[in-house]
2 protein chains.
Amino acid sequence: MAITSSVAQTPIARKISTNAVIRTVLAQGPISRADIAKFTGLSKQTISDVVRDLETDGWLKPVGKTDGRPGRTAITYELNASAGLAISIDLGGTKIAAAIGDLLGNIIAETKVPTDARGGIHLVDQFQAVVNDLTEMAGVEMAKVRMVVLGTPGVLDPATGHIHVAPNIAGIEDIDLRQLLTDRLGIPAIIENDVNLAAEGERWKGHGVDVGNFAFIALGTGTGMGIIANGSLLRGGRGAAGEISYLPIGGDPFDPGGFHLGTFESAVGSVAMARRYVGFGGQEGASVADLFVAFEKGDHSAIAAVEETARLTALAIAAVGATLDPQLVIMGGSIGARPELVAAIRRYLPRCTPYPTRIEISRFGNRAALIGGMGIAVAHMHEELFGVDLGEA
Amino acid sequence: MAITSSVAQTPIARKISTNAVIRTVLAQGPISRADIAKFTGLSKQTISDVVRDLETDGWLKPVGKTDGRPGRTAITYELNASAGLAISIDLGGTKIAAAIGDLLGNIIAETKVPTDARGGIHLVDQFQAVVNDLTEMAGVEMAKVRMVVLGTPGVLDPATGHIHVAPNIAGIEDIDLRQLLTDRLGIPAIIENDVNLAAEGERWKGHGVDVGNFAFIALGTGTGMGIIANGSLLRGGRGAAGEISYLPIGGDPFDPGGFHLGTFESAVGSVAMARRYVGFGGQEGASVADLFVAFEKGDHSAIAAVEETARLTALAIAAVGATLDPQLVIMGGSIGARPELVAAIRRYLPRCTPYPTRIEISRFGNRAALIGGMGIAVAHMHEELFGVDLGEA
DNA sequence: TTCTATTTGTCCACTGCCTTGACAAATTAA
DNA sequence: TTAATTTGTCAAGGCAGTGGACAAATAGAA
C-alpha cells in the first residue's frame, strides 16, 4: 500500500490546483480567472494555465463578460454541465424510478416503470432499458454517463455491497447487483439503501442542507432511518445503522419469537397501524389509506390509531435523540410524511424528552431517494473527475 | 475562505512528501531511507532530502544499521519521540488525573491530585500545578509540550467548547475553560467529554483498535456513551450524542417531571441501583459497593438488583444497536465494568434483539479517559506538526 | 583472500509547476 | 481625451521531484 502513487513527475501540485479551480467555479457560479485567482490564492498565471487545460478538455466553458466595473472586462467561466452525466435509479417493490442528470446535478430526464415481479437478473435488464430510455429522452450519448447509483430496500454490507434483507424484491439477495450493473452499463455503479439515499437527498437539496447531524425516518410498509452524522452518512458495522425496526419500543422486546420482526416495526408499520385502527373500532379490513380518510372526517378510531402511532414514534425519536443528538429529524414514507401524524408527533415529543428535536416533513416526498441517488452520483463523479487522491491521508 | 493558503513558493508538495515520510516511519518503525522510498513511491533523492531536513529539525534520528541482508548496510531512522510532548488531564468530581507522553504516545509520567472543591478558576490553577509536576517528574522542558487535552464530565458544545451540564464540578459552566487553559499554559488546549475520551482510548490502544464502529458505555454515578462511527468520534448537533441518560427505557418517559433527570439514568444509575437493592430486601442505606459484596455471597436481593440493571442495559444496547449498528460495545464505569453485570447483560441481549452486539469490558478501567486524551493529544500534535493542510478538502 | 552480486545513498542534469514583476489590452469615470 | 483600474499574457527564476550514473559498503561464493 503505497502512500503516494506519483506515476508521472509531479502531478499532485497541478491536481490540487485544478481541484481548487473546479471547486471555486462550482461554488461561485460564473467567475472570471482573476477572481478565481483571488479566491484560491493562486497566481493569475497558474489559473490561466489550469483554465486553459480545463477548457480544451471540455470541463469549463466561457459564458459571458463582466461589465459595470471599471477596468478591462473579464471573461467569466462556468462548469460545462453537459460534460459529464450521472444516473440515479430507485428500485422499489412496485416501481423503478430513474433520472439522468448533468455535472451540476440538474435532472434532465426522468422515467418510471413497474418493477419486474420476477426480480433477480430481470431487474438488471430493466435497468439497462431504463438507462437507454433516459439517454434517448435527454438526447445524450451513453459515453458521457460516468456514474450510476442504485437505491434499494434492504441492508447492504458496506464491505461487499451484498444485499442482506430485501423482503419486497425477489431474488436480489443472491446476486452481486453492483457488479452486474457495472458490467452491463460499463460504468461504475454504487448501491445504497433507499432510506440512506433519501437522507442524502435531503442533505443535498432539502431540509438537511448545512445540517451536519440529522436523521431521515421513513414510516410506511416498513420502517427505516438514514443517518447523517458529522456531515456524512452513517452505515454502521454491518450496514444496519438506522434499522429502527428493531428498536425495543412499542412492545415487549423480550417476547420470545416476536422480536425477530422488529419490535418497533411490529408496532408502527402499516399492518400494525391498520390493525390498531380496526381494533379501536375501525371498519374491518380497512387499509391505512382508509384510516387517513376516516381521520379527515374526525373518526375517533382513526384519530386514536394515529395518536398511538405518533406516541410510539415520538419515543423512537427520543431514543434516537439520546443516541445521535441530531439537529433535525426529517419524516418521510407513505405514513411518516403525513402532516396529521407529524403534528401529533410534535405534540408528544416534548412530553417524553427534555431536549426535543426539530421535526420536518421530507421536501421530496417519494422522490427523496431518487434525488439523493443523483446527489451521490454527482458527488462521486466530481471526485472521480477532479478529486485529489493522496493515497490514503 | 481561501482554498489553498500557499504563502511561500510551493510548500504543498514538500509538505505532502514530508507527511508521507513521517507516516511511513511512524507505521513501519525503524526503517532505512531506501525502504521509505520503496514504500512511499518517492525517489531516493527526495527521501534523502526530506529525512535530512527532518533530522536537522530534530524530528527523526538514526537509530541503527541493517545487517543480515546482502548489500551495503543502511542507516535506519526512527521518530525522535522526545521531540514533542503532550499532556492529558482527566478532570473528575473527586480527583484530577494527568499524564505526560511523548510523540509516540508513550506515557512518561503520571500523577493524581484531589479535585479542588471550590471548582471554577481554582481548577485552572490545579491544572497548571499538575502540568508543572509532570514536566518535572519527566525531566523535560515545558517548551516541548505542544498540546493538552482535558477530559471533563458534561456536555460540550462542539462549536464553542462551552460546558453545558457538569453536575459534579462546581463553577465550570460559566467560564471558558479551554481558553483559560490555552492562555495559562501557552499551548493549544482541547476539551472533550470524558466518556468520549474513553471511547477514543479504546480505539487507540484498546478493544476498539481497527473497529470503525463501536460504542463505549459508562455506567456509574451517571450514565454516558461515547460513539465511534465511521472511524471517528460522533458528537451530534449539540455535543449531546451518546447522552443515553435520556433513553426512554426503564421507566415511563411520559411521566411528567420525571424525564428531566433522564429516564434511563433514573433506572440504572448508582442511586437507582442501590435503591432497587434495598427495595428487593437489601440492607437499608446500602451502597452499590455493598451490593456487589452481597452479590459475591449469593445474596438474592443483590442478584435481583444486578439482573434488573442488566436487563435494562441490554435494552439500551439493543436500542443503540438498532440505531448505530456498532460492531462492539465496550462497558466501562464503576458499575458498567463489573464482570458480574456484563455477564448478565450478555445473557439478556440475545433475548431482546435478533442481532446481538459483541460486548467487552473496558481494557483501561478508570484510566480510559486519560489514555484517550493522550491519544487525541498525540494525534493533534502529529496533525499540527506534520499535517497536510489543503485548506478544506 | 578475492571477486561478484546486491544494496545504499549521493551527484547531476532535466522537467514541471508556481510565483513575481513587467506590460499590453480593454474598459469606466472624469 | 486622459487617468485610473482591472484583466490577462510574457518572461525569468526558484523549488521540488525524477531518473540515471556512480561510488561506497556489505554478504556470500570461489
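For the numbers below, each heavy atom of this structure counts, side chains included, while hydrogens, waters and symmetry mates do not. In what follows, chains are A, B, ... by sequence order, proteins preceding strands, each numbered from 1.
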Determine: side-chain N/O of B:S43 to OP1/OP2 of D:dG19, distance under 4.0 Å, yes or no. no
Taking C:dT8, D:dT7, D:dT26 as options, the one with an atom nearest any side-chain atom of B:D35 is C:dT8
Which of C:dT27, C:dG9, D:dT9 is nearest the side chain of A:R33? It is D:dT9
Atom NZ of B:K38 and atom P of C:dT6: how far apart are they, to the nearest Å? 13 Å
Taking OP1 and OP2 of D:dG17, is either one under 4.0 Å from a side-chain nitrogen or oxygen of B:S17? yes
Looking only at side-chain N and O atoms, does A:K44 come under 4.0 Å of OP1 or OP2 in C:dA22? no
Spacing of A:Q45 atom CD relative to D:dG13 atom C1', expressed in whole Å: 13 Å
Candidates D:dT26, C:dT10, C:dA26 - which lies nearest the side chain of B:S48: C:dT10
Please check the phosphate of D:dA27 (OP1 and OP2 only) for any side-chain N or O of B:R72 closer than 4.0 Å. no
What is the separation between atom CG on B:L42 and atom P on D:dG17, rounded to the nearest whole Å? 7 Å
Mind checking if B:I47 touches a base, just sugar-phosphate, or nothing, with heavy atoms under 4.0 Å? nothing
Would one find a side-chain N or O of A:R69 under 4.0 angstrom from OP1 or OP2 of D:dT5? no
Any luck finding a side-chain donor-acceptor pair between A:D183 and A:Q179 under 3.5 Å? yes
Could you tell me whether the phosphate oxygens of C:dC17, OP1 or OP2, come under 4.0 Å of any side-chain nitrogen or oxygen in A:T46? no
Between D:dA25, C:dT28, D:dT9, which one does the side chain of A:P70 approach most closely? C:dT28
Among D:dG8, C:dG9, C:dA26, which nucleotide sits nearest the side chain of B:A74? C:dG9
Which whole-number value in Å describes the distance from B:R52 CZ to C:dC11 C1'? 11 Å
Write down the distance between CG (A:D49) and P (D:dG8), rounded to a whole number of angstrom. 13 Å
Among side-chain atoms of B:S17 and B:N19, is any donor-acceptor pair under 3.5 angstrom? no
If the test is side-chain contact (heavy atoms from CB on, under 4.5 Å), which one of A:V149, A:L150, A:V148, A:I89 qualifies with A:I191? A:L150
May I ask you to decide if B:W59's main-chain N or O and B:D57's side chain share a donor-acceptor pair within less than 3.5 Å? no
From CD1 of B:I36 over to P of C:dT8, roughly how many Å is that when rounded to an integer? 12 Å
Rounded to the nearest 0.5 Å, what's the gap from CD1 on A:I107 to CD1 on A:I371? Could you check? 4.0 Å
Within this structure, what is the CD1-to-C1' distance between B:I16 and C:dC17, rounded to whole angstrom? 13 Å
